[in-house]
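First up is the structure itself, then whatever we jot down about it.
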Amino acid sequence: MGLFKKKKQPERAPEPEKKSPLDEMDPTVRPGGVFMVQLLMKEKCEMPSLERMTQVLERHIGKVDAAKPTDDMSDSMKGIALFAALDHIAKFSNGQGPVQVSVMPCDTFHPETIDEMKRSQMWDCLQDRDRILSECKYCVFANDMLTGALDPLERADLDMDYLEALVELFPTCEAVYSLNTGKLILADTIRKQTYTGLDRFIHYIVNVRFFNIQDTNDSLVDTLGMTLLYLEDLQYHYHDMDPNWVVRHAYSIASYCLENRRPIKDGDTVDGVDGEGSLDQSIQWKCHYEDAIVKPDRPVLDIHMGQYAAGR
């Protein structure tokens, strides 16, 4: 009688780890993600003194506590200016603490990392775009930390107060580039306080983009940046309307959504735009939450423009 070896069962491959949809999302648009900007300048500049930075920051964002360099810090970390914003407390399930802001020393700017799609959407600085991206050889990187735990309205104000402090601290800054949204704006627009309150976040950071849909007469306008504040971006897929009217409508609705903490529910309507570009309460455009047509992948509030709507 022969002996049979028991057939060895093949090892079961480990099941792939289930990822959260947030893990698949572009980190620059992840809800509550890190706010990141580059201050662009022609000449390399020195970091302001700690005393000067503290003075300016406290005038804009309230009491701050500067982190002191320690011996165990790496050389790359010693040049970073890090501040705890003591008037802005982030609360977590296991405790709470002040949010932080940081500024890195002036370094080389690499405009070649900005692709053609992002360059084409720099509408707020279109006439100065090529000059700025060619003449500005240096940049200062700044960001916030832990601010995703703040109330969205508090965070919007804090980040814009911080931005106003930054353009004051670096007077040679020519323009501000948002790494979250690809928006490029002149630093003097911020210095002149062109906008106030929550509108600063909408007009300085949120990027309203415009696309022509290939091989059709359709166009698309969307926003990028609302997800930082846990709000959906907006999307308009349409035809036969002046894009400037749609862009103006998008800024208006974005401001309304932020100030009123996401007031529009799926299936609600908003006032539309008439054939002369004016808001008209007799025209109601229906809103639905869906996935963005244009990258990056994210949920959007799609505004169906009635007779001007394209697609389904």
Side-chain angles (χ1 to χ4, degrees), residues 29 31 121-124 126 151-157 159-160 178 180-183 185 189 192-213 216-294 296 298-312:
V29 297
Q121 298 302 323
M122 293 176 172
W123 301 105
D124 300 81
L126 205 56
D151 175 88
L153 272 63
E154 179 183 0
R155 184 192 183 176
D157 269 334
D159 281 339
M160 295 304 95
S178 168
N180 299 99
T181 67
K183 185 158 187 164
I185 59 170
T189 301
K192 292 174 183 175
Q193 298 183 335
T194 308
Y195 297 95
T196 59
L198 295 172
D199 275 345
R200 295 176 299 170
F201 187 90
I202 299 299
H203 289 275
Y204 296 160
I205 300 301
V206 173
N207 199 8
V208 179
R209 310 185 298 175
F210 169 72
F211 302 91
N212 287 311
I213 307 299
T216 73
N217 293 322
D218 299 345
S219 300
L220 186 136
V221 164
D222 71 359
T223 68
L224 196 59
M226 300 292 283
T227 52
L228 280 174
L229 305 177
Y230 297 104
L231 298 171
E232 287 80 8
D233 279 306
L234 308 177
Q235 176 176 277
Y236 302 75
H237 185 196
Y238 70 98
H239 55 75
D240 299 329
M241 181 174 277
D242 186 329
N244 293 302
W245 299 352
V246 185
V247 167
R248 190 164 62 235
H249 190 272
Y251 274 122
S252 176
I253 297 299
S255 292
Y256 174 72
C257 287
L258 176 55
E259 289 175 6
N260 294 279
R261 302 171 184 269
R262 195 179 185 264
I264 302 174
K265 298 179 176 60
D266 196 70
D268 284 353
T269 61
V270 295
D271 293 347
V273 175
D274 64 21
E276 297 180 351
S278 301
L279 280 176
D280 189 335
Q281 290 185 347
S282 69
I283 301 172
Q284 292 296 300
W285 289 347
K286 202 164 189 177
C287 306
H288 289 288
Y289 288 96
E290 55 185 59
D291 294 330
I293 295 174
V294 179
R298 65 206 189 283
V300 295
L301 178 66
D302 184 86
I303 298 179
H304 188 278
M305 296 171 57
Q307 63 176 317
Y308 302 103
R312 291 184 296 174

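Starting from 1, each residue takes its place in the sequence as its number.
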>> Give me the atom names and distance for the closest heavy-atom approach of Met241 to Asp274.
In response: CE-O, 4.1 Å
>> Could you go through Ile202 and Leu258, starting from their C-alpha distance and side-chain angles, then the distance that decides it, and tell me whether this counts as side-chain contact (heavy atoms from CB on, under 4.5 Å)?
In response: CA-CA 9 Å; Ile202 299 299; Leu258 176 55; 4.0 Å; yes
>> Please give me the minimum heavy-atom distance between Asn244 and Asp242, naming the atom from each residue.
In response: N-OD1, 2.8 Å
> Run the side-chain contact (heavy atoms from CB on, under 4.5 Å) check on Tyr204 and Asp124 step by step: do they pass?
Replying inline: CA-CA 9 Å; Tyr204 296 160; Asp124 300 81; over 6 Å; no
> Is there side-chain contact between Ile293 and Leu220, with heavy atoms separated by less than 4.5 Å?
Replying inline: yes
> Does the pair Leu279 and Gln281 meet the rule for a side-chain contact (heavy atoms from CB on, under 4.5 Å), with working shown?
Replying inline: CA-CA 7 Å; Leu279 280 176; Gln281 290 185 347; over 6 Å; no
> Looking only at heavy atoms, what is the nearest atom pair of Val273 and Tyr308, with distance?
Replying inline: O-CE1, 4.3 Å
>> Quick check for you: to the nearest 0.5 Å, what is the distance between Lys286 atom NZ and Ile264 atom CD1?
In response: 14.0 Å
>> For Arg155 and Leu229: C-alpha separation, side-chain torsions, deciding distance, then whether side-chain contact (heavy atoms from CB on, under 4.5 Å) applies.
In response: CA-CA 8 Å; Arg155 184 192 183 176; Leu229 305 177; 3.9 Å; yes
>> I'd like to know if the side chain of Gln284 reaches the main chain of Gly272, judged simply by a donor and an acceptor atom lying under 3.5 Å from each other, with no hydrogens or angles considered.
In response: no
>> Applying side-chain hydrogen bond (donor to acceptor under 3.5 Å, both in side chains), can you list everything that pairs with Tyr236, at least two apart in sequence or on another chain?
In response: His249
> Judged by atom type as modelled, is there a donor-acceptor pair below 3.5 Å linking the side chain of Ser255 to the main-chain atoms of Tyr251?
Replying inline: yes
> Hey, what do you get for OG1 (Thr181) to CG (Leu228), rounding to the nearest 0.5 Å?
Replying inline: 8.0 Å
>> As an exercise, state the distance from CG of Leu231 to OG1 of Thr223, rounded to the nearest 0.5 Å.
In response: 9.5 Å
> Counting distance only, does the side-chain N/O of Lys183 pair as donor-acceptor with the main-chain N or O of Asn207 below 3.5 Å?
Replying inline: no
> Got a donor-acceptor contact below 3.5 angstrom from the Thr194 side chain to the Thr189 backbone?
Replying inline: yes
> Does any pair with a residue in residues 256-271 pass salt bridge (charged side-chain N to carboxylate O under 4.0 Å, His left out), and if so which ones, sequence neighbours excluded?
Replying inline: Asp151-Arg261, Glu232-Arg262
>> Working to the nearest 0.5 angstrom, can you tell me the gap between Asp302 CG and Asp233 CG?
In response: 12.5 Å
> What closest approach, in Å, do Gly275 and Trp245 show between heavy atoms, and which atom pair accounts for it?
Replying inline: O-CH2, 3.2 Å
> What is the distance from atom CD of Glu154 to atom CG of Leu198, rounded to the nearest 0.5 Å?
Replying inline: 11.5 Å
> Between Tyr195 and His203, how do the two ring planes meet: parallel, tilted or perpendicular, split at 30° and 60°?
Replying inline: parallel
> Is there a side-chain contact between Pro263 and Tyr256 (heavy atoms, below 4.5 Å)?
Replying inline: yes
> What are the two closest heavy atoms between Pro243 and Phe210, and how far apart are they?
Replying inline: CB-CE1, 3.6 Å
>> Using a 6.0 Å cut-off, check whether atom CG of Asn217 has over 12 heavy atoms from anything other than its own residue.
In response: no
> Do the side chain of His239 and the main chain of Ser219 share a donor and acceptor less than 3.5 angstrom apart?
Replying inline: no
> Rounded to the nearest 0.5 Å, how far apart are CG of Asp291 and CD of Gln235?
Replying inline: 9.0 Å
> According to the salt bridge (charged side-chain N to carboxylate O under 4.0 Å, His left out) rule, which pairs have a member within residues 198-212, sequence neighbours left out?
Replying inline: Asp157-Arg200, Asp161-Arg200, Glu164-Arg200, Arg209-Asp222
>> Give me the atom names and distance for the closest heavy-atom approach of Cys287 to Ile303.
In response: SG-CG1, 4.1 Å
